[in-house]
Amino acid sequence: MAGRTSLFIFQLTRTMKIKQFARMFPAMALWCVCAWPQLSAQTPSDAIMMANGQFCAALLYTHDTWDEYWEGTLKRDNGNIGVLTRQSVMPMLALGIGERINVIGALPWVRTAASAGQVAGAQGLQDWGLWVKAKVFERGPLSAYGVLGAGAPASRYLPDYAPFNLGLGAPELSLRGIAAYQHSSGLYGRAHWAYHFRGQATIERDYYYTTHGYYTDQVEVPDAVTYGVVAGAWLLNESLKVEAGYDGMISQWGHDIRRQDVGFPSNRMIFTRIGGGLQYHPPRLKGLGFVLSGNYVLAGRNVGQSTTLTGGLLYQFSLWNNHQQ
Amino acid sequence: MHTSLRSIILMLTAITGLFSACQKDDLPRNYAFDAYDFAALDETGGAWKPVLLSGPAQIALPAPLSVTDPAYLEELAELKAASENPGSEQLEAVRYWGNNPLVRWNEIARELAAKYNLAPAPNADGSYSAPSAANPGVYPLFPFAHPPYTCRMLAYWSAAQFDALISAWHYKYAYNRPAPHQVDASLKTHLPQTTLPSYPADGAVVAAVSEVILGAMFPLEKDYIAAKAAEHRQAMQWAGLHVSSDIEAGTALGQGVAAVFMARAANDGMKNAQAPKPVSDSLRQAAQDRFGWSWQNLEDPPRPVGITPLFGQVRLWCIPNVEATRPPAPPAPGSAAFNEAVAELKDIADNLTLEQRRIANFWSDGLGTYTPPGHWNRLACELMVAAKYNPLRSARTFAYLNMAVMDAGISCWDAKYYYHYPRPAQVIPGFKTILGIPNFPSYTSGHSVFSAAAAEVLGHIFPAEKARCEAWAKEAADSRVYAGIHFRFDAEAGLEQGRQVAAYSVAVARLDGAE
């Protein structure tokens, strides 16, 4: 999914990504978005919490390309794909409720296209996502968070025929844990880990072959684990956040793409990735922020070696509880 | 804080443990049906006209021992022991093979087709290697089970089953050995009982034919197929159906008949069908000279030869010569009819509905699938189970279906390489398809010819289903236009061609004594 890419943050991204990636085309990630120093913002996988009554809207654009992919463990190019590009536009909303809960929602629109070959790309809404994030622990510079996520296709996109598919086509529930450390100097670090339960995707054929034949139009999409570590700092009087990270995804089962076959939602998708990002909140533009991030897949299996760039705008304001600002 | 971190880590570890190994994988891997009472036993089936055998006794089968012979009684005692108290795995095997194992073997054949239906990947230098029957295990693995390969595989498997079961029925009623449950009423059986004479075991005939034909067609799968056949033979005993001499006789008969069909296969022209590049180029040049157009593979790197350029010269089953069903020439590029077809394709591409997309995908049957011939075999399985067909009548259905479908493939491939007509994407600038474009010329549409031929045969055999079969064929033909793979005239001429092909098969079927 490239589609999904987004950003809101890194983590969000990650969650989404998975699906996107799933398709072989990883998308990428992003960093966090909506938060700035005092306000705190947030994404499903970061350690930022928005204050009670704070609302953040973000719009992220992601551009994800690859010209090589892993067919199982074999890295190859494909003259009938050339460069595969996934673009996504993702609106994202986050809201602080009480002192310990944030709710986040996102809905990416994705478009896929190949630079070579005759096969048409696809475009449309991918999967909606909804996350509830709770701060479960805080002591001094340490904090921990739990995130419950859910998502499902938001349109009748076809999950078949990767890498042209918009998404994996399956509903998902995810549980994420985040541990964070914030130093008084502005430096911070964080680690996160999530398990993604995936349901079944529906394709438009009622027989398919993976490692044997299936007489159904349902495809069991493998569960996945995502994980990552991030280090960053708030600079310039907390108007600029700089981050770098390493993350990955591991399908918990699934099968390899066979030689010269196409990708499928039940593939065993694995990747590791590095990335970095900036988030800037101009001191004179109250509530407004800009994000820019990039990711690069280092290694993978049944995914594309994506390079992803994301840029976006955020706007944060108080819905209630104004005095807290 | 240490404590808290530790508890978080512990919690994560516990969650991971809880979650892992949750793969259900309970999606259906087979066509599920219960064993049923046959609608008829076709007691005179031994007199039906075989496809290749000179008569039902061409493969000799000695008379069985009497059911009072001590050796038979010993076999019966072994059978009683085998079926008295089978374990759950054995009962599952009995349920799986059921009492119409042709359906299971057809399913296995189609699954192998899907497994082997992958095109060779390009080499690093941009060339392509071809699968080699002499070295099947060297990549690209042999075979590449594309539609011509698969329709031929299914035709030999089906026609051999038909002849072998005609012969089996002949011997069953000639020797009239009663079923074991009729000899000993205390025998436990786990499938419906019939009064069909027991010798030779029809299931063993089916297993042996399958083992020989599928083993030859998928040489890398011989061990897998042999294991399936062994389980099938054992299941007949766990089910209490046949004593060992019934099974041995069925195996010998099946092997003997299958050898007759493999001898035909060895010289039917298939080994020359994947023509070398000079031959392939000469076909292109001939079309260019004759019509002023020719098809090109559009892949990168381009595949130097299309799929089986000389499949049109492979030996037919029911048609006197391939020219008899060759369609008229397609509209020339640039003609009014051509421009109309192009306009339709562009309109569909720009306004594809979800229903059109569904149809295109449902009938896609492309790489990695059991191909259109496999799709029609699947539909036939469902029709023959619904009609409660016995194995002989099922084999007859498969035989006429798949001989017609192979003839359809031969006739279609003749037209494809005779007319050498370009695909829409070759002649419409910037045109995109929603499915991959097959590596052979456009006219006529293989889906359309295969499907119309299959629908015509199935409609003849199952008159009540004729309208449904014809609607499926029309939908399969439309699907290729929706996908952008074919012009409308490719599909329409293909449907007509398929109907003409099947008329020859149906004419043979009408005279085989079964109707």
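In the text below, chain A, chain B and the rest are named by the order of the sequence lines, each starting its count at 1. As the structure is a prediction and not an experimental result, all values here were calculated from the model.
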Considering only heavy atoms, which portion of B:Ser364 lies under 4.5 Å from any heavy atom of chain A: side chain, backbone, both, or neither? side chain
Select one option (side chain, backbone, both, neither) describing which atoms of B:Phe431 are under 4.5 Å from chain A's heavy atoms. backbone
Considering all heavy atoms, the nearest A:Gln200-B:Asp26 contact: NE2-OD1, 4.5 Å
Counting heavy-atom pairs under 4.5 Å with chain A, which one of B:Leu354, B:Ile359, B:Leu435, B:Asp365 comes out on top? B:Leu354
Against chain B, label A:Glu71 side chain, backbone, both or neither, depending on which of its atoms sit under 4.5 Å from a heavy atom there. neither
Separation between CG of B:Asn361 and CG of A:Asp206, rounded to the nearest 0.5 Å: 11.5 Å
Is the number of heavy atoms from other residues, nucleotides or ligands under 6.0 Å of B:Asp223 CG greater than 12? no
Pairwise side-chain contact, A:Tyr214 with B:Arg29, heavy-atom cut-off 4.5 Å (strictly under): yes
Heavy-atom pairs under 4.5 Å with chain A, option from B:Arg357, B:His375, B:Arg358 with the top count: B:Arg357
Check for a donor-acceptor pair, side chain of A:Gln260 on one end and backbone N or O of B:Leu118 on the other, with a separation under 3.5 Å. no
Over 12 non-hydrogen atoms of neighbours within 6.0 angstrom of NZ in B:Lys432: yes
Identify the heavy atoms of B:Glu111 and A:Gly213 that sit nearest to each other, and give their distance. OE1-N, 3.2 Å
Would the distance check show the side chain of A:Arg259 and the main-chain N or O of B:Pro140 forming a donor-acceptor pair, the cut-off being under 3.5 Å? no
Select, from B:Ile434, B:Asn30, B:Ile437, the one with the greatest count of heavy-atom pairs under 4.5 Å involving chain A. B:Asn30
Under 4.5 Å, counting heavy-atom pairs only, tell me which of B:Leu298, B:Leu141, B:Thr369 racks up the most with chain A. B:Leu298
Give me the atom names and distance for the closest heavy-atom approach of B:Pro122 to A:Arg76. CD-NH2, 4.4 Å
Stacked cation flag B:Arg378 on A:Tyr207, 6.0 angstrom / 45 deg: no
Report yes or no: does A:Asn80 contribute a side-chain atom to a donor-acceptor pair with the main-chain N or O of B:Asp300 at less than 3.5 Å? yes
Considering non-hydrogen atoms only, spot the tightest contact between B:Ala425 and A:Gln118 and give its length. CB-CG, 3.7 Å
In terms of heavy-atom proximity below 4.5 Å to chain B, should A:Ile203 be classed as side chain, backbone, both, or neither? neither
Can you tell me how far apart OH (A:Tyr209) and CG (B:Leu367) are? Round to the nearest 0.5 Å. 14.5 Å
Return yes when atom CG of B:Asp350 has more than 12 non-hydrogen atoms of other residues, nucleotides or ligands closer than 6.0 Å, and no otherwise. yes
